[in-house]
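Okay, so here's the structure we're looking at.
All residue numbers in this chain count up from 1 along the given sequence. Model, not experiment: these values are computed from the prediction. Only this structure's heavy atoms are used, side chains among them; waters, hydrogens and symmetry mates stay out.
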Amino acid sequence: MPSESNAGRPAERPRGEVGLRKLLEANRTFDADTTALPTQPISTVTRDRWSPAPPPGAQPPTRPDNQQLVKRVGIAVGAVVAFGAAAYLADLAFSAGEVPRGVVVAGVDVGGMDEAEADALLRSELGPKAEQPLPVRIGDVQASMVPAAAGLAVDWDRTWDAVGDQPINPVSRLVSLFGTREVRAVSTVDNVALEQQLDTFRGYDNPTVEGTVRFDNGVPVAVAPVPGRILDSDTARTTITERWAESTELDLPVVAAPVAVDEEAVQAALRDIATPAIAAPITLAGKDTRVTLTPGQISEVLGFVPDGNGGLTPAIDNEAVIALLAPQLAASEIEPKDATFTLGTGTPTVVPAVVGEKVDWAKTLEKLPALLTLAGERATEVVYERIEPKLTTEAAEGLGITEAIGEFTTGGFSGPSGVNIRTVAAKVDGAVVKPGETFSLNGFTGPRTAAEGYVESGIIDKGRPSTAVGGGISQFATTLYNAAYFAGMEDAGHTEHSYYISRYPAAREATVFDGAIDLAFRNTFETGVYIQAVATGSDITVRLWGTKTVDVESITGEKSKPTEPTELTLPKGDDCIASEGAPGFTISDTRVITDHETGAQISRHTRTVKYDPIPVVKCE
């Protein structure tokens, strides 16, 4: 009987396992006869389990309540997360100051070690390797290198940067428990030393032997092609710098060096070019002369080069051909000569220019390759080119060189100085300065050495008398400077002596020195200038010819600011040249240029010069 409290309420359907068990126990009341059915309706299938069918008039069953299950699962998951977090934090705390787990640096396992201990271990393991020979294999060649000698050492700071700190990512920390991480030692590199080491390794290259044809004693011989192999320098450089610390042997890469010419092309060049080339001489017909390249000479100047398509093409050494033929053709050539002037009658007269005719070697020799394989007589014409003189007859006649416009003479020289003065005078005599041109004494004469006929003579070196090849040229420079001064030429650069020489006009003289001190003047007139230089045994005269348009006056000032000389005592010998000395002073020169026709002043320029005292030199 239902209790009073449940009176009038439908029986509550059992839930979960308890309800199912009660249901089964209730169903056990049916008769053992399988045909007997319980009075309660048969159960219906709901998804994955049996549920009793509701009695007539009963409410539909409700879904089981999962809130309790979800709560239990959440508690379990939370516990796991809390435990994992605690374990992660504990692992992170305990591993502080240690190398990350699983790290292997250049073959040395330092994972999980104290950082200081790991650093000491790496230095003891890797440091000495820089000073020890390291075997190296290059193709089939065994060699070696000492890393330190090749400019290599461990860069400890960058290596530890590559190792890195303890990972923060939990997954990375978990993975580190089961694996390793290889870290290469980072190197410092002396590129010069490493390149020298690579040069040594490149010495083991087997260069390609290109197929070609050569001549042995005038006989053509085929040279078979042989492929080679060479060091792959760029990859080898990377391999050495990255792997020397971790390796017991370095295997440096090599690359094939293929041939550019195949065997068939070599045989074709031998058969079709080289053999016919020396079958007969080649004749070149010049003006009133014929010259010949003999078969032996042809073999000396003929070579072969790859044509880029696997074949060979003939290559003639034109410079060698010219050396053989130029002496034979020299008589057929005409040297060009500039127009010049003669003063035989006392006034300048134009000496006509000569148009040159020289062998045009480029056009002459461009016909040779076709002649090499020509059957029968092999001959060609020599091609000449016309060479115009720098100063033609017509141009010389239009320069207006008709009268002397400036001249100067100095004397008092002899011996070696006279030799040098006469030598430079002969060089400069006949020079022509066109309108607007600048004449440079150093540029015109070139180096004044013994090969040009100059001898050793006196000079001024650092304020003291000395000697040198070409000494005495300054007297010619002073004479030329004054001739140009009175001709009205524009000063384009000159330098006075450091101390005064009495045979020269004060503040109006010049010195020169090869490659350092020059004398130059510019012709600013519309007519040309012809330089005449005449030297005798004791004096030199320089005269400039042109068209006189100006008059020049020199005004020399008074000496001022005298300075007394110092005294020097030097050891006796060739290097000591005694001198009585002389005081120094300051003086000026003023050049006044006026128009030759009207007398009107064109310019007035003052130059002030300070001369040092000449030291008193004693040789003891």
List for me each residue that meets ring-ring contact (aromatic ring centres under 6.0 Å, His included) alongside Phe304, sequence neighbours excluded, and say none if there are none.
none

Ring pair (Phe, Tyr, Trp, His ring centres under 6.0 Å) pairs, two or more places apart, involving residues 363-400:
none

Salt bridge or not between Arg202 and Glu195? Use side-chain N to carboxylate O under 4.0 Å.
yes

Below 4.5 Å, heavy atoms only, C-beta onward: do Val432 and Leu391 meet side chain to side chain?
yes

Which of these, Thr289, Val383, Val291, sits in a side-chain contact (heavy atoms from CB on, under 4.5 Å) with Leu284?
Val291

Enumerate the residue pairs fulfilling side-chain hydrogen bond (donor to acceptor under 3.5 Å, both in side chains) with a member in residues 555-568, sequence neighbours excluded, ordered by first and then second residue.
Glu567-Lys618

Decide yes or no for Arg508 and Arg607: does some side-chain heavy atom of the first lie under 4.5 Å from some side-chain heavy atom of the second?
no

Below 4.0 angstrom, N of the basic side chain to O of the carboxylate: do Glu357 and Lys287 qualify?
yes

Using atom types as modelled and distance alone, determine if a side-chain donor or acceptor of Asp429 lies under 3.5 Å from a backbone N or O of Val534.
no

Determine the minimum heavy-atom distance between Ala520 and Thr438, stating which atoms define it.
CB-CG2, 4.2 Å

Using modelled atom types and a 3.5 Å cut-off, is there a donor and acceptor pairing between side-chain atoms of Arg378 and backbone atoms of Ala277?
yes

For Asp551, check salt bridge (Lys or Arg N to Asp or Glu O under 4.0 Å) against everything at least two apart and list the hits.
Lys548

For Ala425 and Ala535, the nearest pair of non-hydrogen atoms, with its separation, is CB-CB, 4.2 Å

Tell me, please, which residues at least two apart from Tyr504 pass ring-ring contact (aromatic ring centres under 6.0 Å, His included).
His497

Those residues that, when tested against Asp539, pass salt bridge (Lys or Arg N to Asp or Glu O under 4.0 Å) (two or more places apart):
none

Tell me which donor-acceptor pairs under 3.5 Å the side chains of residues 408-420 have, and how far apart each pair is, sequence neighbours excluded?
unit_1, atom_1, unit_2, atom_2, d
Thr409, OG1, Thr541, OG1, 2.7
Thr410, OG1, Gln475, NE2, 3.1
Thr410, OG1, Thr479, OG1, 2.8
Ser417, OG, Ser457, OG, 2.7
Asn420, OD1, Val455, N, 2.7
Asn420, ND2, Val455, O, 3.0
Asn420, ND2, Gly471, O, 2.7

Pairwise distance CD1(Ile298) to CG(Leu372) - rounded to 0.5 angstrom
6.5 Å

Would you list the pairs meeting salt bridge (Lys or Arg N to Asp or Glu O under 4.0 Å) in which at least one residue belongs to residues 321-349, sequence neighbours left out?
Glu333-Lys358, Glu335-Lys358

Pair listing, ring pair (Phe, Tyr, Trp, His ring centres under 6.0 Å) test, anchored in residues 340-381, at least two apart
Phe341-Tyr530

Going by salt bridge (Lys or Arg N to Asp or Glu O under 4.0 Å), name the pairs with one or both residues in residues 390-404, residues two or more places apart or in two chains.
none

Who passes salt bridge (Lys or Arg N to Asp or Glu O under 4.0 Å) against Glu407, sequence neighbours left out?
Arg543

Scan residues 594-620 for pairs that pass ring pair (Phe, Tyr, Trp, His ring centres under 6.0 Å), counting only residues two or more places apart or in two chains.
Tyr500-Tyr611, Phe585-Tyr611

Applying side chain to side chain donor-acceptor pair (under 3.5 Å) to Ser440 and Asp518, what does each step give before you reach the verdict?
CA-CA 7 Å; Ser440 160; Asp518 195 12; 2.5 Å; yes

Under 4.0 Å between a Lys/Arg side-chain N and an Asp/Glu carboxylate O for Asp216 and Arg214?
yes

